[in-house]
Structures are given as structure tokens and as C-alpha cells.
Student: 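One structure follows; several queries about it will come next.
Nothing fancy with the numbering, it's 1 onward along the sequence.
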Amino acid sequence: NGSSWNDAFTNLKAALVPGVATPGTTIEVAAGNYSPGPNQADTFQLEDGVTIQGGYAQHGSTTAEPNVNTTILSGGGNNYHVVTGSGTNLTAVLNGFEIAGGNANGGSYFQQIGGGMLNDIGSPQVINCVFILNSASVGGAGIADYGNSAPYVVNSRFLFNSTAGGGGGILDYNSSANIVNCLFNNNTASDQGGGIYEENSTSTIVNCTFSANSGLYGGAVAYVLGSGSLFNSILWGDSSAHGELYVSSATPVVTYCDIQGGYSGGSNILTSDPLFIPGNNLYELQPGSQAVNYGNYTAAAFVDAVVGVNTDLAGAPRTHSGQIDLGATETQVYYVDATATGTGDGSSWANAFTSLATAVNTVQTIENNALTVGGGLPIPVHMYVAKGVYYANTTTQTGTFQLIDDVTIQGGFAGHTNPTAVRNLALYPTTLAGGLFDNHVVTGSGTDSTAVLDGFIISGGNASGT
């Protein structure tokens, strides 16, 4: 009857029956593969006031970890729409699922859009989901929004979806979607908008990354009629005969973006290589990218206010001291200076952590969050450490600086007193010290070659334990 993990429903649709899923209900779904049903018209219908949360361990757990416990809603290439949000408002929430195998290939228009999800006059929240390998005859292989729909689609990925029409990832028709911190990769539209197609709509697209998509008109995004906004986004490496961004009889506001080939109708447009980290599936940026800290923070702040999400696609903090990167992920750079006097949040030399041990613990928490509830991949992090002496622990012999995969820790900086000074190991010696207390000043056990320690003096270790 769904009252406990021991008595759980084995069919998600049974939990969504009206009268069972009442407003205020959270449906917790364990890892597994769930089908809407054998008929093509079968679908998972969202309900107002009901949150459906995936990512729990099989047989139950207290915490949802979608990247550990993959929870799949699958159409199996059969169902027109795996999920339907039609008729809902923002209190209907889908969080932590992979939506796959929708196939909108029916005879009527609404059976030919929204293979992964259809919202017809529907405005649910879709958070931390992956839309993959969905298809649609007319458009919106991943999601189709129609008829004054205004969903929030946040921290989600659209991968390998395809349509013979417009919007390999998303189609918005006469709608006002909010699409934030999303990655569009390897989606295909035979007509408009490999990633997103906007027609007669006023949608807001913020901090999204488009790469390796293809569309005849607009490899990444296409606008026809309407207006809308495209902020803080990266459109790079997509394929189209008409450019990354295609606009026809529309007036979108396009600003603070990095667009391959440029866009003359926008403002604050970069045209430089965003320097994606090679091989990184979330298309995260290298610290030297011009897209780092180039975005407009105000454009993205509404997401936290409306849906309570203040992390990027990878699960890391979205901003540092009011600064924000372009694209779906935030480059993670933290500063450590024993003599800094600012806020101590590590966001700049002025506000540097004063303890390296605290900084390491903070980054470890971020990495754990990324692997369990964020993008499912380690987050590349750089930590810059100013001159001085840093102790892992001053009271016991068990303290150590534990290195972390995908984290580079570099010493040799001047710090907050001269933040623009060039790194110099001789002028700005940085010491990791054990004093008389630590068995091991630094520990690299369990790490791989992505854990880097660079430019330090390591002294005072005392491996005298029993």
C-alpha cells in the first residue's frame, strides 16, 4: 500500500492514483526501471502538490542519491509520453529521474510531441533529471511545452534525443518555460533548434550549455516569432547550416553568452573558445576560460527564490561573491590565506579561508554532493594557497591533509596583500607543517593522478604512532 519501504508499491502508477497521491505527498522512488504501462498512451501523470523523488536505494533509504541509485522512467520506445505534466502548476515536482525511451510517433499532433515529457497548459518543476534517447515526430523529443505552459526545468541534462521537426531537447510553443543550469548534448532536430526550439514563446534560458547538437536552423537554439531571453549560456561546437543561434521574426534578449560565430543581435557576447575540460561529460570550464565569472548574477538569482535551487548542474555552489560563470556549471576556485580578514568563504583572496584544513573539508563535502545528488561526476577544483604555515591538526597525531581526486592544491601565492602578484615559490613559501603532532602531514591514499599537490614545503611529520 506504499506506507513504508517494506510495504512499498511495486508500480509507480499505483502511487499516482488520484486519492492516493494527495497534495502535500512526497512519493519516494527506489532505484529501478519503471514503465508507464503497455499501451502507447500510458504515461506517468504528475499531480499538483505532489513531489516525486527518485534516487533512493532499493528496499529503501533515508536519503535520495540519484547518481548512486539510478531511477529510470522508461517508455521502452513504446509510450508517446513517458511523463505528462499537463494541467499542473509549480507544486507538481519531478526530481532525480532518468526519463528515457519516449516515442511520440502517433497520429495526432499531441501524440507527435514530447516523447520524454508533454506539458499542455502545464507548469511543473523538473529538477535534476536526465532526458535521454527520447524521440518525437514533430518536436520536443525531450520535453514539449504547449499552450501557456511555464515549467521550471532546472539542473537537468538532455542527451541523444531526436526529432524530425524542431527542438531535439525541448520545444516551447506559445509557452514561457524557465530553463536553467541545463546541458544539451548530442540532440538532433531535422528542422529548427538542435537543443531548443522556441516558437511564439517568451521562455527564459539561463546558464545552459549547448554542445554537439545539430539542427538545420540553429544547431543549439532557434527562435521563430515571440521573444524570450537567453542569458549566461554557452553555444559552442554545435552543427547547423545556419549557425548556433537562429532567429526569425523574433526578438529574444540575448546577452552575456559565449556563442561560436557570434550573434550581432546580442550584447556582451563572447566569441572565444570556452575551454571545456577535455573529456568532461558536464562540459565544465577550465579556470583560464573567458567564460569564468563573465555572467550576470541577477539573471540567475530568481531560480533560488522560486524553486530553492542554488547549486549548478554538478551540485556545486552556483556563485562566488556574486559572480557567476557562463554555462551550466560553475568553475570551482577557492583561496586560502592564513592572514585574510574577510568573510572566510574562500571566494577570493580578500575572503579567503584562513585554514587549509577547513578548505579541504569544504571541498570534500562539495565533491561528495556532486557524486550523489549533483551531476554524478567529480568536480574539478583548484585551491590557491598563500604564503604561510598551515597545520592539519595541532592537538592529535591523527590530523593530516587528505588529498582529493580532481582537486589541485597550489602554494606559492602572495595572498590578499597582493592578490595580482604572479605566483612565486621562492618569494611566497607555503608550508604544510606537522609540528610535533601529525603522523602524516599529507595523505594521498586512495587517490588517482587527478589529485595534485603543487608548490609546498612539507615539514614536521612525525610517523611515531603505534
Student: Would you confirm whether the ring centroid of W349 sits within less than 6.0 angstrom of the ring centroid of F413?
Tutor: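 Ring-ring flag for F413/W349: true, centres closer than 6.0 Å.
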Student: Can you give me the closest heavy-atom contact between I127 and S156, atom names plus distance?
Tutor: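 Heavy atoms of I127 and S156 come nearest at C-OG, 3.9 Å.
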Student: Closer than 3.5 angstrom, by distance alone: can the side chain of N213 be matched with the main-chain N or O of N187 as a donor-acceptor pair?
Tutor: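 Flag set: sc N213 to bb N187 pair under 3.5 Å.
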Student: Please determine which of L453, I457, V389 meets the side-chain contact (heavy atoms from CB on, under 4.5 Å) test together with L432.
Tutor: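 That would be L453; it is the only one of L453, I457, V389 passing the side-chain contact (heavy atoms from CB on, under 4.5 Å) with L432.
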Student: Indicate whether the side chain of S123 and that of N89 have a donor and an acceptor atom separated by less than 3.5 Å.
Tutor: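 No, no side-chain donor-acceptor pair sits under 3.5 Å.
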Student: Can N6 and S4 be counted as having a side-chain donor-acceptor contact under 3.5 angstrom?
Tutor: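 S4 and N6 do not have a side-chain donor-acceptor pair below 3.5 Å.
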Student: Can you name the closest pair of heavy atoms from G114 and A144 and give their distance?
Tutor: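 Shortest heavy-atom separation between G114 and A144 comes out as N-CB, 3.4 Å.
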Student: Between the side chains of S227 and T251, does any donor sit under 3.5 Å from an acceptor?
Tutor: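 No donor-acceptor contact under 3.5 Å links the two side chains.
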Student: Does a donor on one side chain sit under 3.5 Å from an acceptor on the other, for N155 and N128?
Tutor: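 Per modelled atom types, N155 and N128 side chains form no pair under 3.5 Å.
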Student: Any side-chain donor-acceptor pair under 3.5 Å between S272 and Q290?
Tutor: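 Yes - a donor-acceptor pair under 3.5 Å links their side chains.
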Student: Okay, side chain of T209, backbone of A328: is any donor-acceptor separation there less than 3.5 Å?
Tutor: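 Side chain of T209 to backbone of A328: a pair is present.
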Student: Run Q410 and R423 through side-chain contact (heavy atoms from CB on, under 4.5 Å) and show every step you take.
Tutor: CA-CA 9 Å; Q410 291 183 306; R423 182 185 183 219; 3.5 Å; yes
Student: Within the 3.5 Å criterion, strictly below it, is a donor on D145 or N119 matched to an acceptor on the partner's side chain?
Tutor: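 Present: a donor and an acceptor within the cut-off.
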Student: Checking S203 against D172: is there a side-chain donor and acceptor pair closer than 3.5 Å?
Tutor: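 Short answer, yes.
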Student: Do N207 and N181 pair up side chain to side chain, a donor and an acceptor below 3.5 Å, judged on atom types alone?
Tutor: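 N207 vs N181: no donor-acceptor pair found between side chains.
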Student: Among side-chain atoms of S135 and S162, is any donor-acceptor pair under 3.5 angstrom?
Tutor: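 Distance-only check fails for S135 and S162.
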Student: Is it true that a side-chain atom of E330 and a backbone atom of T319 form a donor plus acceptor pair closer than 3.5 Å?
Tutor: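 Flag not set: sc E330 to bb T319 has no pair under 3.5 Å.
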Student: Assert yes or no for the condition that the ring centre distance of F184 to F210 is strictly below 6.0 Å.
Tutor: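 Between F210 and F184, which both carry aromatic rings, the centre distance is below 6.0 Å.
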Student: Determine whether the aromatic ring centres of residues Y283 and F276 are separated by less than 6.0 angstrom.
Tutor: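 Ring-ring flag for F276/Y283: true, centres closer than 6.0 Å.
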Student: What residues form a side-chain contact (heavy atoms from CB on, under 4.5 Å) with L427, not counting sequence neighbours?
Tutor: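 Per chain and number, L427 pairs via side-chain contact (heavy atoms from CB on, under 4.5 Å) with N424.
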Student: For T443 and T400, does a side-chain donor sit closer than 3.5 Å to a side-chain acceptor?
Tutor: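 Indeed, the side chains of T443 and T400 share at least one donor-acceptor pair under 3.5 Å.
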